[in-house]
Amino acid sequence: MSDRNNLKSTLLRLDGASYKAYKDIKGNYQFPDFTLIIDHVQGDPFASPSKLRVKLPQSVAKFPHQLYQSCSREVALRDYLTRQFYRAATQISFRRGTGKSGLIAITRCGQEVLERTSVFIDDNYVEVRFVVGLPARGRSILGRQATEILCEDIPEIVEKALLYQSLNSKEIQQQVETIEDADWLRSQLVAKRLVAFVANGAILPRRSGVDSRPLEEEAIPFQSPASLKVKFDCPNRGLIEGMGIPEGITLIVGGGYHGKSTLLRAIELGVYNHIPDDGREFVVTNPAAMKIRAEDGRSIAGVNISPFINHLPQERSTTNFSTANASGSTSQAANIIEALEAGANLLLIDEDTAATNFMIRDRRMQLLISKEQEPITPFIDKVRQLYSDRGVSTILVMGGSGDYFDVADTVIAMENFQPKDVTERAKAIAQQYNTERTPEGGTNFGKITPRIPSPNSINPSRGKRAVKLKVRDVDEVAFGTEDIDLAAVEQIVETGQLRAIALAIVYAKEKYIDNKRTISEILDEIMNDISEKGLDIITDFPQGDLALFRRFELAAALNRLRTLKVR
Ligand code: ADP
Ligand code: MG
């Protein structure tokens, strides 16, 4: 194997040469403490940067085994090291020429701790995957600058970010213990018949709509009402108390601006773990929770929305409903049915983003517009059956209609950002003031019809490229010549998840979308492959910028592919 000096002399030799000559440096180099692997060299200074790896033996890195001994701890440590590498690389790297020249970068992590392909660790090695913008002036190689980056800066980053002795051992310990406790808490919910837990002291509000770090000064810590208080004895931190949200139907009510949506948002993201100072690190939710909202304009492919929508104008089928441009209510119906098809067992709905005519239909409207003239069976008439027929719970923010008091098991009022249990009072009011509505939901929820996607309707190619994917933030991915709009899929939190989802659809098309398997079977296969073999299974090439997603978001992306056809 070549060593650092070979790399140095090659780079100096290439100084001034045309950029393409950088291809010569692809390969492995033995540095004093680690191996540097150059997997992919960019074609020009503006192209996506070159892909590199560092493989550092544990004899040098020296991470104690206990820091990665459980699955939870391992994910937490890998996440932690990614953040450290990010920080060190940001401090050290600077622009050294044209385009991306001088960049040293790794996945940027948000508040969530996810399984990522940026860092791996086992008893033998720490492996880190990152990118470098190989430097040039115009299109001529800057060889000296390249040696500085590869032979000096990278060893410095490794020393700062990847050696146990250079890191804050207390902070690492806190990270792995927090994540392990959060995973443990989530695993305890079912036994206590809870769908979510919000710890006392949690800080739920965020700094702004575009900054998901915790609100600092004026934040009021969460405090459970006595009647909903539950306790857990966590493996690391010991006793923890907070509010348990029971299975069934839960309403979150309260005046405007009193913290209802903030609570629901924290619950939505409680399917993921959070870093220790996030404020929501002990807000945990059933992992099969799906945020549901209206999303007019989305496409729908052959969904049986008949539990909610029937006899549309022009006799359009609702048992096999397709459209390129859904309405608010049909999109919300499809979002629910698709979530159930993927296996969701907790629905989260906020009135702020729901279609009113899908949520409620009061007595007066029932009298004015007869059932024959109204295709929609409102959610209020199905929410009970969702739980009794299918075991699917719902948490609903609803400040605008008391009709839901009749169907709720638990009613939580947010008052000045604090929850109160008002279930009894809401039930008493419901007794005293009958809504006089006619129930419209029938005797059962209705059927979820499995769908079989057609492989020919899923085409990731564009021009000469067999696979062309491009992720734009967490909202959109270009899949071949199609754009998949995921702005309304609120539980995608990092671009790495979306990148992995797009690759997983390609992988699914190659392996499992065969005109026989249903969507739910395809999701099972993919998630199973990933949990057995890791995220690398969906790529041909070691890629450092992927993050683990849930089956629900994968299904959501497939369902929003406008060319999708199903049977
Ligand atoms: P609602 O849905 O009830 O209208 P929101 O949840 O949107 O209210 O919250 C309104 C505002 O109050 C937001 O700016 C939010 O960040 C802030 N907020 C929410 N919870 C808290 C809290 N616990 N402490 C301080 N501010 C909060
Ligand atoms: Mg709100």
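Both ligands and their constituent atoms are indexed starting at 1 by order of listing. Scope of the values below: all heavy atoms of this structure, side chains included, with no hydrogens, waters or symmetry mates.
Backbone or side-chain N, O or S atoms of Ser261 reach the Mg ion (ligand 2) at under 2.8 Å. Residue contact annotation: Glu351 places no N/O/S atom under 2.8 Å from the Mg ion (ligand 2).
A salt bridge is absent between Arg83 and Glu171: the closest approach of a Lys/Arg side-chain nitrogen to an acidic carboxylate oxygen does not fall below 4.0 angstrom. The pair Glu268-Arg265 meets the salt-bridge criterion, with a side-chain N (NZ, NE, NH1 or NH2) lying under 4.0 Å from an Asp/Glu carboxylate O.
Cation-pi contact between Lys192 and Phe197: absent, since separation from the ring centre below 6.0 Å together with deviation from the ring axis within 45° is not met. Remark: Lys382 is positioned above the aromatic ring of Phe445, its terminal NZ or CZ atom under 6.0 angstrom from the ring centre and at most 45 degrees off the axis.
Taking the six-membered ring where tryptophan is involved, the planes of Phe379 and Tyr404 are tilted, since the angle between them lies from 30° to 60°.
Closest to the Mg ion (ligand 2) among the N, O or S atoms of Asp352 is OD2.
In this structure, CZ in Arg390 is found 4.5 Å from CD1 in Ile448, a value given to the nearest 0.5 Å.
Screening Leu81, Ile106, Thr107 against Tyr86 for a side chain to side chain contact (heavy atoms under 4.5 Å, CB included) leaves a single residue, Ile106.
Around ligand 1 you find Pro205, Leu215, Glu218, Ala219, Ile220, Gly255, Gly256, Tyr257, His258, Gly259, Lys260, Ser261, Thr262, Phe417, each with a heavy-atom distance below 4.0 Å.
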